[in-house]
Each structure stands twice: as C-alpha cells, then as structure tokens.
Amino acid sequence: MNIRKLVWLEFRQHKSQLISGLLAITLGIAVIVGIRSISVVSEKAVAVNLDNLGANILVLPQASNVDNYYAADIDAPTMPEEYVDRIVSSNLQGVDNLSPKLTRRTMIGNENVVLTGILPKNEVTSKPLWQQSGILGNELKASCAPDNAANKSNGFEDEKLQRKSIDSLGTNECLVGSVIATKLKLAEGNPVDILGEKFTVGRVLNETGTIDDDRIFIHLHKAQEILKIPGQVSAIEIMGCCNAISDGLLSKLRNVLPDTRVTTIGQIVATQIQTNKMMNKVSLIFLIIIIFVGGISIGNFMWANINERHKEIGMFRMIGFNKSIIYQMILAKALVLGILGGIIGYILGTLSGMWLGPELAGLPVNPIPMLVLVSLSISIGVSLIGSIIPAYLAGRIEPFNIMQED
Amino acid sequence: MILKTNNLCKKYQHEDGQVNALNNVSFEVNKGDFVTITGASGSGKTTLLLTLAGLIKSTSGQVQINGFDVISASDRKLSEFRKDHIGFVMQSFALIPYLTAIENVMLPLTLSKLSKDQKYKKAFNMLQLVDLENRKNHLPKELSAGQQQRVAIARALVNSPTLILADEPTGNLDPGLSSDILHLLKKINQQENITILMVTHSPLAAEFGNRKINLINGEIN
Ligand SMILES: Nc1ncnc2c1ncn2[C@@H]1O[C@H](COP(=O)(O)OP(=O)(O)OP(=O)(O)O)[C@@H](O)[C@H]1O
Ligand SMILES: [Mg+2]
C-alpha cells in the first residue's frame with residue numbers, strides 16, 4: 001500500500017462517476033483534435049494548390065474563372081497567346097516568370113484526361129524579347145512563394161516544380177501524370193495516341209496528389225494545333241513578387257490586358273485559407289470553452305467526490321496524512337482524469353476527423369500523433385487547474401468530524 | 001509517564017453561546033495504563049481525546065505525549081506524530097469501504113518507508129492478532145460489525161503506537177461482541193504493553209481498565 005495505489009483503488013471504486021466528470025473535457029479535446037486534423041490536411045491542400053499553380057498570379061480570359069480553368073471544359077474561354085508578349089514588353093517590375101497554358105479535357109481510350117499545353121523552359125528563355133526584359137523564367141521562386149523547403153516540410157517533393165521547369169519538350173513528346181499513367185498503363189517511351197496524333201511518353205511524373213496526376217503535358221503549340229485552337233491559351237501563370245503585388249502589380253497587369261481577369265493566389269485559395277482560419281478560430285474558441293467548462297466540470301466532480309469522502313479524508317488525516325499528502329492525492333486523481341480525458345479525447349477527435357475530413361475538406365485525414373501530446377497537456381492542465389480549489393478544501397477537512405459523525 | 005495534561009481547556013464558540021467542553025483538565029497516564037474515561041453525554045469525553053491527539057486545538061493548557069508537545073506543534077509535525085505514535089479506534093469503525101481488510105490495516109503504513117512485503121507482513125500479523133487472517137481479502141461490507149471493529153483495532157495497532165485512543169469502541173456492538181473487543185483491547189494492553197485511553201458509556205466496560213477518569217461538564221471529578 002502506497003499513496004499511488006490508494007489513489008488508484010479509490011479511482012477504480014468511483015469509475016462510474018467518471019463519465020460525467022470527464023465528458024466536457026473529453027468532448028472539448030475531441031473537437032479540437034478533430035478540427036486540427038482536418039485543418040492540417042486542408043492547409044496542406046492550400047500548399048498543394050499553391051504548388052500546383054507554381055505561380056501566385058493567374059491571368060485568365062475575361063469570361064473565365066478559376067473553376068473553368070481547372071475543369072478545363074471543352075468550351076472554356078481562351079485568350080490570345082500574344083498576351084504573354086504584351087506583358088513582357090510592358091516592362092512591369094516584379095514579374096518573375098511567365099507560363100502560358102492551354103488546358104482541355106479530352107478522352108484517351110476510355111480515360112478522361114486533362115491535356116495541358118505548356119511552353120518548355122528553353123523556348124521561354126530563348127525568346128529574344130523576353131531576354132531583353134530580363135524575364136528569364138529560370139527562377140521559379142517569387143519572393144513570397146513557398147520555397148522548396150516549405151514544400152518539403154509539408155510533405156511535398158519538388159516534382160510539381162520540375163514540371164514547370166521542364167527544359168525541353170519535343171513536339172511529339174508528352175509527360176504523363178502518375179494516375180493517368182497507371183490508368184492507361186503508360187511507361188516512358190511508350191507510344192500514345194492523343195486526338196489522332198502520335199506521341200511518345202517522355203516521362204511519367206511522380207505522384208503529387210493534385211490534379212496534375214490526371215494531366216498529360218504536351219508542347220503548347222502542339223496542343224493548340226491538335227485542339228484546333230490556334231494561338232490561344234487558357235491561362236497565363238505568373239510568378240509575381242510580393243512587394244510588387246502590394247504595389248499594385250495586379251492593376252498594372254489589368255491595364256496592360258484590359259479584357260482579362262487577373263487574380264492572385266490569395267484570391268484563388270482565399271476560401272480555403274478562410275476556412276482554415278475559421279477552423280483555427282473555432283479551435284481557439286473551443287480551447288477557451290474547455291478550459292472553462294472542462295475545468296469547472298472537473299472541479300465540480302472533484303468537489304462532489306471529496307464531499308462524499310469527507311469521512312475517509314478525515315480518517316487519512318487522523319492516521320497521520322498531512323495536508324500536503326491530501327493535496328497530492330487529489331491532484332494525482334486529477335492527473336489520472338486529465339490523462340484519460342486527453343487520450344480518449346484524442347482518439348474520439350481523430351476518429352471523427354478521419355470520418356468527417358473527406359466530407360468537409362474533401363481530403364483523407366490521417367491521425368496526427370503529435371496531437372496526443374497537445375491533448376494530454378491541455379487536458380491535464382485543465383484538470384489540475386480545475387482541481388486546485390477542491391484540493392485546497394479537502395486539505396481543510398478536519399479529522400474530528402468523523403469522530404463525531406454517527 | 002507517557003501522557004501529561006495540564007489545565008487543559010477547550011471552549012467551543014457557538015452562536016448560541018460559548019460551550020466550556022473542557023475545564024482545567026489535568027491528569028497523567030503512565031506507560032501500560034488502560035484508562036477508561038466515563039461521563040454523561042456531552043461531558044466532553046470525545047473533545048478530550050481529540051484534543052489529546054491535536055485534532056482539535058485546545059483553548060489553553062498543555063498536552064505532552066512521550067515528551068512531544070502536542071499543543072504547539074505544526075500540522076506537519078502533528079501528522080507525523082500521529083502516524084508514529086497514536087492509534088485510533090472509533091465507535092463507527094471508519095474503515096475505508098473500497099479497501100479490503102488487510103488494505104485497511106496497512107493504511108497507516110502507507111507513508112512509512114517499509115517495503116511492500118514488510119507492510120503486508122505487519123498488517124497480516126495484526127489481522128492474526130485479532131483473529132481475522134482468514135478474512136483479509138474481504139471488503140468492510142463483507143464483514144460483520146464485530147469483525148469490522150477488529151479490523152479497526154488491527155489498524156490502530158499496525159504502526160506500533162505508543163498510545164491507543166478509543167472512543168466508545170463497543171458503542172455499536174451487541175454485548176457479546178463488546179466483550180470480545182474489550183478482551184482484545186485488554187490483551188493488547190497487557191501483551192504489547194500499549195497504553196490505552198478508552199471512552200465508554202458502559203460501566204461494565206469501564207471495569208476493563210486499571211484507572212478511571214470521570215468527566216462531569218468538562219471537569220475531572
Ligand atoms: N463543534 C462544536 N461546537 C460547539 N460545541 C460543541 C462542538 N463539539 C462539541 N460541542 C459541545 O461540547 C460538549 C462536549 O462534547 P463531546 O462530544 O466532547 O461530548 P461527549 O462526552 O463525547 O458526549 P457523548 O458521550 O454523547 O459522545 C457538548 O456539550 C457539545 O455540545
Ligand atoms: Mg463522544
């Protein structure tokens with residue numbers, strides 16, 4: 001028999017009452033963990049989107065919008081490729097990279113693929129006009145774009161960036177996204193028939209978890225030719241540097257290209273970012289709520305428990321437990337409650353995140369082991385704080401009561 | 001001499017007026033004494049025991065047990081003193097409901113530095129002394145009243161106290177069981193040479209001691 005065992009035996013004795021004491025804190029932790037595990041994937045999704053674009057400014061035809069661009073519908077609006085030159089010749093500051101694209105959904109065999117025409121780097125850099133203006137397109141980093149390290153820390157390899165710095169692309173060469181490659185059973189060097197034209201697979205891209213996996217990239221001009229949309233592009237992606245953007249780069253671009261729609265990544269992923277912000281706010285609100293409600297409910301539970309054990313605690317005092325040992329016993333119990341609340345809350349939250357994540361964020365949610373520690377520290381902290389007053393009052397129980405009771 | 005009180009006074013403050021529960025109580029107890037304390041209801045018997053153990057602060061006067069000054073000691077010192085020197089037996093047994101007989105007996109050893117086995121062994125010996133070793137794994141509710149009181153006595157003994165303070169230990173028991181318990185206390189007193197102060201209402205029980213203190217309105221008569 002030692003204090004730990006004594007606390008444990010008492011704890012076991014009253015385990016049926018635990019549920020009420022733990023309910024608030026467990027649910028609170030569960031909500032925080034649930035929200036967090038969903039918003040983590042959602043934040044990753046933002047990073048993926050950023051990366052997917054590889055640019056932070058998107059120039060689209062006036063009648064178009066970002067959804068059109070991604071959906072790549074048959075009749076999605078286009079604009080002249082010549083706009084690229086207009087941007088270049090306008091000598092705007094802070095435009096680091098230009099990448100015109102033509103995107104259309106089409107069928108290869110029985111598979112729905114997104115055919116994307118791009119300009120390989122060698123052609124971009126070889127344009128004399130572009131060289132003059134110092135826009136080389138080599139550097140794929142705008143000052144505020146996520147750098148590779150940031151991408152890596154989010155679990156993304158550089159594959160998507162590689163796509164944008166594709167050095168050369170033969171007219172009948174194509175690069176195939178990993179999902180499409182699997183579906184069509186394509187490997188490097190295989191022939192593939194796109195809209196009646198023969199192509200060779202130059203490379204199968206690594207899986208990115210983005211829409212890129214469903215894409216086949218070919219040379220822009222070849223795409224214009226086989227899609228019969230000569231001289232047109234669906235979008236121009238631009239790496240704009242942040243300072244320039246805040247200095248009004250967007251409106252300058254709009255002046256240069258009045259009949260286009262110029263959006264920033266900010267606007268494109270704004271909804272997602274906003275959702276994440278909201279989720280984080282909700283977590284914060286819940287954190288405050290569990291600190292109050294959880295703390296009060298645990299405190300209340302402890303208080304009831306101590307009242308019920310008045311006689312017992314008086315007994316402990318009588319046989320020589322001093323006040324600090326009584327405090328320790330109460331706080332040890334609070335610790336056990338906190339651990340239980342943290343672990344159960346984590347499990348519930350993770351399960352509900354995994355269950356709801358695909359519906360809410362449209363992404364699979366994985367357990368985040370780190371959150372166990374967060375849950376535990378919140379839960380234990382709240383439980384201990386909530387138990388301070390009951391512990392103090394327990395220490396004040398005078399043993400003589402029990403000699404006079406019944 | 002193991003216990004000495006000098007002009008011990010306890011006044012309870014109450015909204016209906018002050019109660020002089022103990023009034024200049026002075027007495028001495030020698031090692032090995034079995035003192036019985038009698039007196040009418042409300043005469044201050046329980047108050048006296050509690051004050052002796054430092055569980056109630058006296059209003060004035062001195063209490064010394066084994067040379068330890070109970071009145072001026074801090075909570076920590078007093079707790080330690082009770083742990084090492086005093087065993088309590090109460091009318092209502094005060095066993096912990098979720099602990100088995102042997103766990104209840106071990107309770108006062110919780111804070112001691114003995115090993116798990118030593119604690120168990122000591123508690124087992126005490127259960128043997130009160131003839132309950134075959135009930136060691138019973139919960140209090142699985143024991144008869146007399147058995148519960150014997151467990152309580154074993155618990156009072158387990159820390160080898162200098163002094164046992166018993167407040168009507170047979171108050172809740174029928175005459176047959178009462179006599180068992182009294183004989184047990186007597187045996188402990190004689191075999192282990194442990195000093196006992198026992199409060200009782202029963203004149204019969206009062207005869208078990210070798211000394212009597214009678215309280216009337218908080219004064220020794
Ligand atoms: N907490 C208290 N506040 C005020 N008065 C009290 C308190 N406790 C006891 N008293 C009074 O002190 C007196 C002595 O009480 P005590 O419990 O010591 O009597 P007792 O001799 O043990 O009685 P009994 O034989 O009924 O147990 C009583 O008159 C009682 O009313
Ligand atoms: Mg009494």
Side-chain angles (χ1 to χ4, degrees), chain A residues 1-18 21 301-302 304-333 335-337 391-406, chain B residues 45-47 49-51 53-57 74-100 102-116 119-120 122-123 139 152 155-156 158-159 161 165 167-168 171-172 199:
Chain A
M1 182 68 57
N2 53 34
I3 295 287
R4 212 180 316 147
K5 175 144 187 231
L6 195 55
V7 171
W8 177 242
L9 288 171
E10 193 279 329
F11 190 82
R12 258 189 13 193
Q13 170 72 10
H14 294 110
K15 57 178 179 283
S16 55
Q17 305 168 354
L18 286 179
F301 165 77
M302 291 297 253
N305 177 256
I306 286 162
N307 265 333
E308 189 184 313
R309 298 168 62 202
H310 231 254
K311 226 177 153 176
E312 189 180 313
I313 292 168
M315 179 70 225
F316 293 149
R317 295 281 282 132
M318 190 168 255
I319 60 171
F321 288 21
N322 60 35
K323 285 183 187 179
S324 78
I325 291 167
I326 303 290
Y327 299 148
Q328 280 172 36
M329 291 174 72
I330 306 294
L331 294 179
K333 182 163 177 172
L335 186 72
V336 179
L337 283 178
Y392 171 73
L393 294 171
R396 285 183 26 148
I397 290 175
E398 293 296 346
F400 63 78
N401 293 329
I402 76 160
M403 271 196 148
Q404 289 171 325
E405 273 165 19
D406 74 16
Chain B
K45 305 180 297 293
T46 298
T47 305
L49 283 196
L50 294 175
T51 315
L55 292 167
I56 297 181
K57 287 273 165 247
S74 65
D75 173 66
R76 187 170 287 271
K77 279 260 150 41
L78 257 180
S79 298
E80 201 173 315
F81 176 74
R82 284 199 292 270
K83 170 170 82 84
D84 295 338
H85 294 280
I86 296 186
F88 288 93
V89 183
M90 276 150 298
Q91 184 175 350
S92 61
F93 321 143
L95 298 178
I96 308 295
Y98 52 84
L99 299 182
T100 61
I102 194 151
E103 286 167 344
N104 262 291
V105 175
M106 270 192 280
L107 202 57
L109 301 177
T110 305
L111 302 176
S112 90
K113 290 188 174 59
L114 297 176
S115 74
K116 208 170 134 186
K119 288 178 184 176
Y120 190 89
K122 265 196 141 178
L139 290 172
R155 181 178 64 192
V158 78
N159 56 347
L165 299 175
D167 194 357
E168 299 188 42
N172 277 345
V199 166

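Values below: every heavy atom of this structure, side chains too, minus hydrogens, waters and symmetry copies. Every chain is numbered from 1 and lettered A, B, ... according to where its sequence line falls, protein lines coming before strand lines.
Shown here are the salt bridge (charged side-chain N to carboxylate O under 4.0 Å, His left out) partners of A/Lys5, two or more places apart in sequence or in another chain: B/Glu103. Under the rule for a side chain to side chain donor-acceptor pair (under 3.5 Å), the partners of B/Arg76 that lie at least two apart in sequence or sit in another chain are A/Ser324.
Dense packing is recorded around NZ of B/Lys57, with more than 12 heavy atoms of other residues, nucleotides or ligands lying under 6.0 Å away.
Across B/Leu99, B/Leu78, B/Leu114, B/Ile86, the residue that shares the most heavy-atom pairs under 4.5 angstrom with chain A is B/Leu99.
Residues B/Lys77 and B/Phe81 form no side-chain contact, since every pair of their non-hydrogen atoms from C-beta on lies 4.5 Å or further apart.
Looking at B/Leu107, both its backbone and its side chain come within 4.5 Å of chain A, counting heavy atoms on both sides. At a 4.5 Å heavy-atom cutoff, the contact between A/Arg309 and chain B is made by side-chain atoms alone.
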